[in-house]
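Position 1 is the first residue of the sequence; numbering continues from there.
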Amino acid sequence: MTAIRNIVILTGAGISAESGLATFRAEDGLWEDHRVEDVATPEAFARDPALVQRFYDLRRAAVLAAEPNPAHAALARLDREWTGELLIVTQNIDDLHERAGAARVLHMHGEALSAWCTACNTRHRWTASLSGDPPCPACGSPALRPDIVWFGEMPYEMDRIFAALADADLFVSIGTSGAVYPAAGFVQAARDAGAATLELNLDRSLGSRLFDETRLGPASVLVPDWVAGVLRR
Ligand code: OAD
Ligand code: ZN
């Protein structure tokens, strides 16, 4: 095997499932109880901002109540001990990677604990409710929205992500169903760059055949095992 120096990791809701946060596409997932078009699009926010704010108020409260699990801790260990390049791209809006101690994390779909002022284009750490149109701490406008990338909006930092993928030696996908682009296309971009590809998931993702290797099981077991192996190498 060629030496691995640059690792890109993509995480999804499955890595936080064992922390008690609901995934999206499971039978008891968030998209079973809510229609995406009602709560996770700019059109929904324009039509019924109160409903959208309530939905993300609940997400924010759930994130604050959750704790990192051994999978987050293992990636934080990798971040501390891996001397090569590493980028943890997460689709998750929780802060469990950071609370476990990981630093090289990029939130491509935004963050539950951030509010974005559409009047002055500033972002603010936010742990309270956004219902009732609280004023922006910077400009005072009642123009705060969840700092979440909704369907139809461009995910954050795509240039940085694709640059990392172009240099990757290893791409690892953890706990994501592969249903949402552009994230679902990262495995192909990594392959095009000549990277090895590994999937760690409870069930096979939609793009499973694109991975060189798939390991099926709970993230709290698979991720610590994989990290221990990489650091031993
Ligand atoms: P999904 O709910 O689509 O997929 C979660 C994946 O995690 C599934 O493949 C499960 O098999 C797997 N899984 C569940 N429990 C697990 C466990 N304990 N260990 C390992 N894997 C487990 O969630 P995402 O793929 O993250 O976007 O969804 C992608 C995006 O769709 C989200 O970021 C969100 C959503 O709409 C936005 O809201 C913009
Ligand atoms: Zn403002």
Side-chain angles (χ1 to χ4, degrees), residues 1-17 23-25 69-94 96-98 100 102-110 149 154-233:
M1 185 188 276
T2 54
I4 291 170
R5 216 192 115 65
N6 300 344
I7 303 178
V8 178
I9 296 174
L10 174 67
T11 67
I15 199 169
S16 297
T23 65
F24 294 93
R25 292 174 182 79
N69 70 55
H72 300 103
L75 292 189
R77 177 186 171 210
L78 182 68
D79 186 20
R80 273 194 309 276
E81 297 182 20
W82 185 254
T83 52
E85 293 292 323
L86 172 72
L87 183 61
I88 301 169
V89 179
T90 187
Q91 300 170 88
N92 298 343
I93 62 173
D94 66 57
L96 298 183
H97 286 306
E98 289 89 340
R104 290 180 271 183
V105 180
L106 186 164
H107 284 270
M108 67 178 289
H109 288 167
V149 176
M154 182 61 83
Y156 292 143
E157 304 215 55
M158 292 307 295
D159 291 351
R160 211 177 124 206
I161 296 171
F162 277 107
L165 288 167
D167 278 341
D169 303 311
L170 175 63
F171 172 74
V172 187
S173 170
I174 304 172
T176 176
S177 64
V180 175
Y181 284 84
F186 292 171
V187 59
Q188 186 62 56
R191 289 174 70 92
D192 292 345
T197 54
L198 169 66
E199 167 179 47
L200 307 177
N201 208 23
L202 200 55
D203 311 296
R204 284 187 177 277
S205 66
L206 293 173
S208 190
R209 64 185 169 76
L210 293 172
F211 290 86
D212 299 324
E213 185 187 350
T214 294
R215 299 182 195 170
L216 299 180
S220 64
V221 175
L222 294 184
V223 180
D225 280 358
W226 170 69
V227 167
V230 169
L231 291 175
R232 211 181 294 126
R233 168 148 50 202

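Between atom CG of residue L222 and atom CG of residue N201 there is a gap of 9.0 Å, rounded to the nearest 0.5 Å. For the atom pair CG of L106 and OH of Y156, the computed distance is 11.0 Å after rounding to the nearest 0.5 Å. Here the CG atom belonging to L231 is positioned 5.0 Å from the CZ atom belonging to R77, to the nearest 0.5 angstrom. Considering CD1 of I15 and CG of L202, their distance stands at 13.0 Å, rounded to 0.5 Å. Between Q188 atom CD and L210 atom CG the span is 5.5 Å, to the nearest 0.5 Å.
Contact annotation: the side chain of L75 approaches that of I174 to within less than 4.5 Å [non-hydrogen atoms, C-beta and beyond]. Annotation: side chain of L86 is in contact with side chain of I9 (closest heavy-atom distance under 4.5 Å). Between M108 and Q91 the shortest side-chain heavy-atom distance falls below 4.5 Å. Annotation: side chain of F186 is in contact with side chain of V89 (closest heavy-atom distance under 4.5 Å).
With R25 contributing its side chain and S177 its backbone, the two residues share no donor-acceptor pair below 3.5 Å. In terms of modelled atom types and a separation under 3.5 Å, the side chain of E199 and the main chain of S205 share a donor-acceptor contact. A donor-acceptor pair under 3.5 Å is formed between the side chain of N92 and the backbone N or O of A13. Looking only at distances, no side-chain donor or acceptor of N6 sits under 3.5 Å from a matching main-chain atom of A164. Formation of a donor-acceptor pair under 3.5 Å by the W82 side chain with backbone atoms of E85 is found in this model. Using modelled atom types, no side-chain atom of T176 and backbone atom of T11 make a donor-acceptor pair closer than 3.5 Å. Using a distance-only test at 3.5 Å, with no hydrogens or angles considered, no donor-acceptor pair links the side chain of R191 to the main chain of T197. Using a distance-only test at 3.5 Å, with no hydrogens or angles considered, a donor-acceptor pair links the side chain of D79 to the main chain of R104. Side chain of H107 to backbone of T90: no donor-acceptor contact under 3.5 angstrom is found.
The two atoms that bring A184 and V187 nearest to each other are O-CG1, 3.8 Å, heavy atoms only. Contact detail for P224 and A219: the closest heavy-atom pair is CD-O, 3.4 Å. Shown here for F211 and L198, the closest heavy-atom pair between the two residues is CD2-C, 3.4 Å. When all heavy atoms of I88 and A102 are compared, the closest pair comes out as CD1-CB, 4.1 Å. Looking at every heavy atom in both residues, A73 comes nearest to A100 through N-CB, 3.9 Å. Heavy-atom minimum distance, A195 versus D212: O-OD2, 4.2 Å.
Dense packing is recorded around CG of D192, with more than 12 heavy atoms of other residues, nucleotides or ligands lying under 6.0 Å away.
Aromatic ring pairs are classed by plane angle as parallel below 30°, tilted from 30° to 60° and perpendicular above 60°; the pair H97 and H72 is perpendicular.
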